Colleague: 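Below: one structure in structure tokens.
Position 1 is the first residue of the sequence, and the numbers go up from there. Everything numeric in this text was worked out from a predicted model, so none of it was measured.
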Amino acid sequence: MARLPPANPNILPVKSLMSDVEAIGRIDAVKTVLRVLTQTTGLRLAVVARVTPESWTCCAVLDQMNFGLQVGDTLVISTTFCNTVQCLGTPLVVSHASQDPRFKDHPAPKMYGIESYIAVPLYRRNGEFFGVMCALDAKPADLTEDKVEVFRHLGDLVGYQLEQEEVLNERDTQLLSAHEAALLREQLMGIVSHDLRNPLNAISLAATTLMRRTDLDDRARRGLRRILDSSDRANRLILDLLDFTHVRTGLALPVKPKAMDLHEITQQVVDEVQLTVPGRTLDVVCEGNARGTWDPDRVAQVLTNLITNAVQYSAPSAHIQVETRGEATEVVLSVTNAGTPIPKELLPVLFEPMTRGTTEGTERRSVGLGLFIVNQIALAHGGHVEVVSTAEMGTTFRVHLPRRG
């Protein structure tokens, strides 16, 4: 339905500043305030207006004198009394404009026929000028100081409601951004788990099939072994990314605990990692009772990340010690390597994502999620991780896992 042209030819219907207009429109109390203003002052037109140095825009209106003003209509600011309120930043009272020395030559009485006017400024919560709340009429009126006080209080009420509206709008925007981010993370999980893992699995399967051939020379086997090793590393990275995305989405890291022996899983993981680094020495020490209830796949992930980390951050000739020690209420997994100690300033943030213990040799490193995942797995089991790193003793990561059975 087409809108009728404004009754007053000086009114310009435009759609600028619509977000501010809509914000006032969402405040139910404004309608009541405008009604109170007309009843208190006897003036027949009450308005909340957004005022800028260039324009005056109607945000809410109660028109009982057929002025023709509607929400969204705009006036040239210099033609309104509100321009004076904006410049002075104080309330303004005009009882009889055409006889008031201040305003007898003002455009308002000449263009709009306005004789009486009362207004207070409105401010945003940051102190920025928003606009005015005013009442006006084509007839002169006796506007006393007590009516100005009513305007002040009602203006404060509208300003408070505007502040709450802005707070809610910001909160909604933040929630929307968080929701959008969560959707993006879920999409990333789908891409990583499907679009990347499937071709990697195909590569691994093809390389494994070729390795079974008896007519391959040593050079071909070494090439296939490198393909398999690279595929395994990529799969581990994908698993870390999936876990990272899962945690960042606000979900707990999933674990499937069952009765197991940590000595057994430790030896198994060390044997698997040893195959990928045949030139390194991995020593295993198992002490005490290591039976309990944990997720064996997650524990293997912890050990793999820690041992791989130790290999990367130590010299090729350095020994790496992996220890599983059973204590009264928990089992402690520890991995120790010699090498440059972790800088002290990095220790407090070492388990944050995208953090590494050093910048040396970063071309061989992962994206820095290994220790983050280790910590999250420990937390999911009710445990924790600690690290000690000195030049004399090397670097030791200890994962404390409550026994739970």
Side-chain angles (χ1 to χ4, degrees), residues 204 208 211 225 228-240 243 253-339 366 369-389 393-405:
S204 297
T208 301
M211 285 283 284
R225 171 48 58 188
L228 285 171
D229 290 345
S230 297
S231 178
D232 288 343
R233 285 195 298 272
N235 269 310
R236 286 198 299 272
L237 175 59
I238 287 172
L239 290 174
D240 285 350
D243 286 339
L253 201 64
V255 292
K256 299 177 181 178
K258 65 180 184 180
M260 57 173 288
D261 190 322
L262 282 184
H263 290 331
E264 294 178 2
I265 198 72
T266 299
Q267 189 63 61
Q268 178 184 331
V269 171
V270 169
D271 291 341
E272 291 174 356
V273 175
Q274 185 72 76
L275 292 175
T276 66
V277 286
R280 300 303 300 266
T281 302
L282 306 180
D283 298 325
V284 180
V285 177
C286 297
E287 296 180 351
N289 177 10
R291 296 200 62 81
T293 304
W294 307 283
D295 185 327
D297 292 333
R298 289 298 189 182
V299 172
Q301 192 177 358
V302 165
L303 286 167
T304 300
N305 283 355
L306 289 179
I307 297 171
T308 302
N309 189 72
V311 169
Q312 291 178 341
Y313 284 88
S314 60
S317 60
H319 286 222
I320 295 170
Q321 179 169 304
V322 182
E323 181 179 355
T324 310
R325 187 178 70 255
E327 298 184 351
T329 60
E330 66 177 10
V331 176
V332 181
L333 306 177
S334 63
V335 178
T336 303
N337 67 276
S366 69
L369 292 177
L371 295 180
F372 172 79
I373 299 302
V374 166
N375 189 47
Q376 292 298 318
I377 293 174
L379 292 174
H381 285 87
H384 66 280
V385 186
E386 62 179 346
V387 57
V388 178
S389 187
M393 302 298 294
T395 298
T396 299
F397 285 91
R398 294 188 181 90
V399 182
H400 296 258
L401 298 175
R403 197 178 292 277
R404 293 184 175 182

Colleague: Are any non-hydrogen side-chain atoms of Val335 and Gln321 less than 4.5 angstrom apart?
Modeller: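 Side-chain contact under 4.5 Å: no.
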Colleague: Donor-acceptor check, side chain of Trp294 to backbone of Pro402, threshold 3.5 angstrom: yes or no?
Modeller: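 It does hold such a pair.
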Colleague: Quick one: does Glu323's side chain get under 4.5 Å of Cys286's, heavy atoms only?
Modeller: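 Heavy-atom side-chain distance check fails, nothing below 4.5 Å.
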Colleague: Begin from the C-alpha positions of Asn289 and Asp261 and carry the test side chain to side chain contact (heavy atoms under 4.5 Å, CB included) through to its verdict.
Modeller: CA-CA 8 Å; Asn289 177 10; Asp261 190 322; 5.7 Å; no
Colleague: Provide the closest heavy-atom pair for Val331 versus Ala290 in the form atom of the first, atom of the second, distance.
Modeller: CG2-CA, 3.8 Å
Colleague: What side-chain donor-acceptor pairs closer than 3.5 Å can you find for residues 369-385, not counting sequence neighbours?
Modeller:
unit_1 : atom_1 : unit_2 : atom_2 : d
His381 : ND1    : Ile377 : O      : 2.9
His381 : NE2    : Asp295 : N      : 3.1

Colleague: Determine yes or no for a side-chain-to-main-chain donor-acceptor pair under 3.5 angstrom, with Arg403 supplying the side chain and Arg291 the backbone.
Modeller: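 Such a contact is found between Arg403 side chain and Arg291 backbone.
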Colleague: Looking at CE of Met211 and OG of Ser204, how far apart are the two atoms once the value is rounded to the nearest 0.5 Å?
Modeller: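 Going from the CE atom of Met211 to the OG atom of Ser204 covers 12.0 Å.
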Colleague: What closest approach, in Å, do Pro257 and Thr293 show between heavy atoms, and which atom pair accounts for it?
Modeller: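 Closest heavy-atom pair between Pro257 and Thr293: CB-CG2, 3.6 Å.
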Colleague: Compare every heavy atom of Phe397 with every heavy atom of Val387, then report the nearest pair and how far apart it is.
Modeller: CG2-CE2, 3.6 Å
Colleague: Tell me whether Arg298 contacts the main-chain N or O of Pro254 through its side chain, where contact means a donor paired with an acceptor under 3.5 Å.
Modeller: yes
Colleague: So Leu303 and Val322, do their side chains get closer than 4.5 Å, heavy atoms only?
Modeller: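 SC-SC contact between Val322 and Leu303 confirmed.
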Colleague: Should Ile265 and Leu262 count as side-chain neighbours, where that means a heavy-atom distance under 4.5 Å?
Modeller: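 A side-chain contact under 4.5 Å exists here.
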Colleague: Give a yes or no on whether Met393 atom CE has more than 12 heavy-atom contacts from other residues, nucleotides or ligands under 6.0 Å away.
Modeller: no
Colleague: Would you check if Val299 and Leu333 make a side-chain contact, meaning some heavy-atom pair closer than 4.5 Å?
Modeller: yes
Colleague: Let me see the working for Leu282 and Val284 under side chain to side chain contact (heavy atoms under 4.5 Å, CB included), right down to the final yes or no.
Modeller: CA-CA 7 Å; Leu282 306 180; Val284 180; 5.6 Å; no
Colleague: Just by distance, no angles: are the side chains of Thr266 and Thr324 close enough, under 3.5 Å, to form a donor-acceptor pair?
Modeller: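 There is such a pair between these side chains.
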Colleague: Working to the nearest 0.5 Å, report the span between CD of Glu327 and NE2 of His400.
Modeller: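 Between atom CD of Glu327 and atom NE2 of His400 there are 7.5 Å.
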Colleague: May I ask you to test the Val311-Ile320 pair for a side-chain heavy-atom distance under 4.5 Å?
Modeller: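 When only atoms from C-beta onward are counted, Ile320 and Val311 do touch, with a gap below 4.5 Å.
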Colleague: Under the criterion side chain to side chain contact (heavy atoms under 4.5 Å, CB included), I'd like the reasoning laid out for Thr396 against Asn337: C-alpha separation, chi angles, the key distance, then a yes or no.
Modeller: CA-CA 7 Å; Thr396 299; Asn337 67 276; over 6 Å; no
Colleague: Check residues 268-275 and write down every donor-acceptor pair under 3.5 Å in which the side-chain atom is one partner and the other belongs to a residue at least two apart or another chain.
Modeller:
unit_1 : atom_1 : unit_2 : atom_2 : d
Gln268 : NE2    : Glu272 : OE2    : 3.4
Asp271 : OD1    : Gln267 : NE2    : 3.0
Gln274 : NE2    : Val277 : O      : 3.0
Gln274 : NE2    : Arg280 : O      : 2.8

